J.: 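One structure, as structure tokens, below. Some questions next.
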Amino acid sequence: MTLRIYNTLSREKEPFSTLQPGVVHMYVCGPTVYDKAHVGHAMSALVFDMVRRYLTFKGYRVIHAMNFTDVDDKIINRSHELSEDPFALAERYINEFLQLMQELGVLPATYYPRVSEVIPQIIAMVKGLQEEGFAYEVEGSVYFRVRRFPAYGKLSGRKMEDALSGTRITSSEGKEDINDFALWKAAKPGEPSWASPWGKGRPGWHIECSAMCYYYLGEQIDIHGGGNDLIFPHHENEIAQTEAFTGKLFARYWMHNGMLQLRGEKMSKSVGNLITIDAFLAEHEADVLRMIVLSSHYRKPLAFGEQVIADNERALARLRSALRPGRGQVQSGTAVNALHAQMDATRAGFEAAMDDDFNSAGALGNLFNLVKAINAARDAGVSSEILGTGQDMLRSLAGVLGLRLATSANDHEADAGPFIDLLLSLRQLLRGQKQYALADQLRDDLTRLGVVVEDSAAGSSWRWAA
RNA sequence: GGCGACGUAGCCAAGUGGUAAGGCAAGGGUCUGCAAAACCCCGAUCGCCGGUUCAAAUCCGGCCGUCGCCUCCA
């Protein structure tokens, strides 16, 4: 089966192939580290984590770079507010971000380049662009000459003339053209700056990604990703810089995730409808957020809110319900055949869905069908061994999506197991003597401690509440 | 104003030509001392209008609505 990916560049799904056989070079735009990351940032990270995991599942080796923008106006402003060194501040938020990614189960990138580490490379690139006439200097700043790059606008579908009709562009800062953008900014007092052929200064916003991508992954890459709010101007400008510099196609596939919405609006600092990742994780499991992201297509806007969180918490519990052991001994027959048939259907359906531009919602639907089949088989008395083959498949496919289905019982809780078993056998004696009031109280008490007790014809069982 | 995306049952959400996956919620049932869990049953003709076609949620056109970008943004 062939993977197809929607390419923002062509606005179509295209068959996926790589520049180098079996290897995917992927660059994803990371955050500007001037504040706590919110669940919208997490969505982007989770989407591309899914992409990466699936590519790996398909047999590719994925070389994945995600940058940190640690030189930026917002960071500088923040450092002045807090009287903290801008690099220390950035370092703090980078470490926090990496920690949160780990908690979310996002696989570490191969490279985490930072702007501050590639200043010489950035200068070399800007200089190269200037020598070729793609850039010019104005009072210590260097701008990209958009008119020298006719393909400008190919990603966003924008025409340069459109900018003129906009009402929000105010000053042109001595630029030749209103569409030109800064590659290098002359230093202002109180800002971090580096020596350059144009005097002291710092990089513009877009050149950093071009430079980091170029030096870490090469002049051409397979996948370039990020939020769809970056299409213009950020990615458009990246294309202009890199392709002007190399004379080659920059990225073959441009992937953009939709925005996470809270109360019908994009979650963003300016709107003030933020939920930080750590605030979310304080109340919910990491995989709940992943379920929310997976339950919708990555390119669509993602509805977020209490209702959605609660729904997905239960959906996750349902996925896990299939992992409970069987109690019967049935080894063959219609129940077993039905399970095997659904396993085949799920394996094929899962891959077909994911091959279609990472349709994770469709893939999840296939997983739920397997859940139903496993549970039905258990109810029909199918043995734990046979149930286990279906459960292994469920675990493995869920793992491709990055879901960890194991409940989070820690060592301390594991130690309690034998004692809970003891209490349950005691309760079984009470039930045998129809001492239901006492038995129910014991069950209620255990529930309060996070232990769910379930009675069935075959006896009682318990598990930690999700 | 320009560019782009979206509009499927109470909510979330797949499905891009042959009469609508899945999850959550609600209702009915099986099981059970009760409860819980699980299982079974139960719901939409796909924003509106027109067109193409033997056949459209799915293609084309128009309209309405929502959202994103055009300034920092995952």
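Residue numbering restarts at 1 for every chain, and letters A, B, ... go by the order of the sequence lines. Since this is a predicted model, take the numbers as computed values, not measurements.
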J.: Give none if B:rC6 has no partner; otherwise give the nucleotide forming a Watson-Crick or G-U wobble pair with it, both distances under 3.5 Å.
T.: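 Answer to the pairing question: B:rG65, which forms a Watson-Crick or G-U pair with B:rC6.
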
J.: If pairing requires Watson-Crick or G-U wobble contacts with both distances under 3.5 Å, which nucleotide is the partner of B:rA38?
T.: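 The base-pairing partner of B:rA38, which may sit in any strand shown, is B:rU30.
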
J.: Scan nucleotides 19-33 of chain B nucleotide by nucleotide, 5' to 3', and note B when protein non-hydrogen atoms come under 4.0 Å of the base, S if they reach only the sugar-phosphate, - if neither.
T.: --BSBSS-------B

J.: Do A:Y93 and A:Y34 have their ring centres less than 6.0 Å from each other?
T.: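 Distance test on ring centres: not under 6.0 Å, no.
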
J.: Using a heavy-atom cut-off of under 4.0 Å over every strand shown, decide if A:H297 touches base, sugar-phosphate, or nothing.
T.: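 The answer is sugar-phosphate, as A:H297 gets under 4.0 Å only of primed atoms, P, OP1 or OP2.
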
J.: Name the nucleic acid region contacted by A:K266, choosing base, sugar-phosphate or nothing; use a 4.0 angstrom heavy-atom cut-off, strictly under.
T.: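 Base, at least one base heavy atom under 4.0 Å.
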
J.: When the P atoms of B:rC6 and B:rA56 are considered, how many whole Å apart are they?
T.: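 Here B:rC6 and B:rA56 have their P atoms 22 Å from each other.
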
J.: Give A:L260 one of three labels, base, sugar-phosphate or nothing, depending on what nucleic acid heavy atoms sit under 4.0 Å from its own.
T.: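 Contact class for A:L260: base.
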
J.: Would you call A:R320-A:E285 a salt bridge at under 4.0 Å N-O?
T.: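 The answer is yes: the pair qualifies as a salt bridge.
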
J.: Between B:rG7, B:rA13, B:rC12, which one does the side chain of A:V308 approach most closely?
T.: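 The nucleotide sitting nearest to the side chain is B:rC12.
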
J.: So with a 6.0 Å cut-off around CD of A:E84, is the heavy-atom count from everything else above 12?
T.: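 Yes.
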
J.: Would you say A:T346's side chain and A:N366's backbone share a donor-acceptor pair under 3.5 angstrom?
T.: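 Looks like yes, one N/O pair under 3.5 Å.
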
J.: Do other residues, nucleotides or ligands put more than 12 heavy atoms under 6.0 Å from the CZ atom of A:R263?
T.: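 Not more than 12 within 6.0 Å, no.
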
J.: Assess whether a salt bridge exists between A:D177 and A:R147, defined as any Lys/Arg side-chain N lying under 4.0 Å from an Asp/Glu carboxylate O.
T.: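 A salt bridge is present here (some side-chain N lies under 4.0 Å from a carboxylate O).
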
J.: Between B:rC11 and B:rC48, how many Å separate the two P atoms, rounded to a whole number?
T.: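 That atom pair is separated by 15 Å.
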
J.: Between B:rU71 and B:rU52, how far apart are the two P atoms, rounded to whole Å?
T.: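 Those two atoms are separated by 43 Å.
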
J.: Scan A:V28 against the nucleic acid and name what it touches under 4.0 Å (heavy atoms): base, sugar-phosphate only, or nothing.
T.: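 No contact at all - A:V28 keeps every heavy atom at 4.0 Å or more from the nucleic acid.
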
J.: Over all strands shown, is A:G225 touching base, sugar-phosphate only, or nothing at heavy-atom distances under 4.0 angstrom?
T.: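 Nothing, no nucleic acid heavy atom in range.
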
J.: With the threshold set at 4.0 Å, does a side-chain nitrogen-carboxylate oxygen contact exist between A:R427 and A:D455?
T.: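 Result for this pair is yes, salt bridge flagged.
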
J.: To the nearest Å, how far apart are A:F304 CZ and B:rC67 P?
T.: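 Nearest whole value for this atom pair: 19 Å.
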
J.: Just compare B:rC39, B:rA74, B:rC70 and give me whichever is closest to any side-chain atom of A:P233.
T.: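 Given the options B:rC39, B:rA74, B:rC70, the side chain of A:P233 is closest to B:rC70.
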
J.: Is it the case that atom OH in A:Y111 sees more than 12 heavy atoms from other parts of the structure closer than 6.0 Å?
T.: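 Count not over threshold, so no.
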
J.: Any base atoms under 4.0 Å from A:N257, or only sugar-phosphate, or nothing? Heavy atoms, all strands.
T.: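 It contacts base atoms.
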
J.: Could you please name the option among B:rA38, B:rA14, B:rG68 that lies closest to any side-chain atom of A:Q261?
T.: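 Side chain of A:Q261 sits closest to B:rG68.
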
J.: Please report the distance separating the C1' of B:rG29 from the corresponding atom of B:rU45, rounded so that it comes out in whole Å.
T.: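 These two C1' atoms come out 29 Å apart once rounded.
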
J.: Using a cut-off of 4.0 Å on non-hydrogen atoms, how would the nucleic acid contact of A:N375 be classed: base, sugar-phosphate, or nothing?
T.: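 Sugar-phosphate contact only.
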
J.: Inspect the contact between A:E191 and A:K185 and indicate whether a charged nitrogen and a carboxylate oxygen are less than 4.0 angstrom apart.
T.: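 So A:K185 does not pair with A:E191 through a salt bridge.
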
J.: When the P atoms of B:rU16 and B:rA37 are considered, how many whole Å apart are they?
T.: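 35 Å, rounded to whole Å.
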
J.: By the 4.0 Å heavy-atom rule, please label A:S461 as base, sugar-phosphate, or nothing.
T.: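 No contact.
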
J.: Mind checking if A:N359 touches a base, just sugar-phosphate, or nothing, with heavy atoms under 4.0 Å?
T.: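 Touches sugar-phosphate only.
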
J.: Take A:G264 and A:P301, find for each the nucleotide of RNA chain B with the closest heavy atom, and name the residue whose nucleotide sits nearer the 5' end.
T.: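 The residue closer to the strand's 5' end, by nearest nucleotide, is A:P301.
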
J.: Looking across every strand, which nucleic acid part, if any, lies under 4.0 Å from A:I231 by heavy atom: base, sugar-phosphate, or nothing?
T.: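 The residue A:I231 makes no contact with any strand.
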
J.: Both distances under 3.5 Å, Watson-Crick or G-U wobble: report the partner of B:rU53, or none.
T.: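 Per the H-bond distance test, none.
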
J.: Could you tell me the Watson-Crick or G-U partner of B:rC46, where both distances fall under 3.5 Å? Say none if there is no partner.
T.: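 Across any shown strand, B:rC46 pairs with none.
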
J.: In terms of the nearest nucleotide of RNA chain B, which residue is placed more toward the 5' end: A:E454 or A:C29?
T.: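 It is A:E454, whose closest nucleotide lies nearer the 5' terminus.
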
J.: Determine the Euclidean distance between corresponding C1' atoms of B:rU8 and B:rU19; express it in Å to zero decimal places.
T.: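 Looking at atom C1' only, B:rU19 and B:rU8 are 15 Å apart.
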
J.: Salt bridge between A:D35 and A:K74, side-chain N to carboxylate O under 4.0 Å?
T.: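 Result for this pair is no, no salt bridge flagged.
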
J.: Quick one: look up who B:rG1 pairs with, Watson-Crick or G-U, both distances under 3.5 Å, and put none if it's unpaired.
T.: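 Matched B:rG1 with B:rC70 under the 3.5 Å cut-off.
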
J.: Take atom P in B:rA9 and the same atom in B:rC46, then report the distance between them in whole Å.
T.: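 It works out to 9 Å between them.
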
J.: Between B:rA14, B:rG68, B:rA74, which one does the side chain of A:H41 approach most closely?
T.: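 When the side chain of A:H41 is considered, B:rA74 is the closest of B:rA14, B:rG68, B:rA74.
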
J.: For atom P, what is the distance between B:rC40 and B:rA74, given to the nearest Å?
T.: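 One P to the other, the span is 45 Å.
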
J.: Expressed as a whole number of angstroms, how long is the span from A:L370:CG to B:rC39:P?
T.: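 Taking CG of A:L370 and P of B:rC39, I get 12 Å after rounding.
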
J.: Base, sugar-phosphate, or nothing: which does A:G226 touch, judged by heavy atoms less than 4.0 Å apart?
T.: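 Sugar-phosphate only.
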
J.: Who does B:rU58 pair with, Watson-Crick or G-U, both distances under 3.5 Å?
T.: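 Its partner: none found.
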
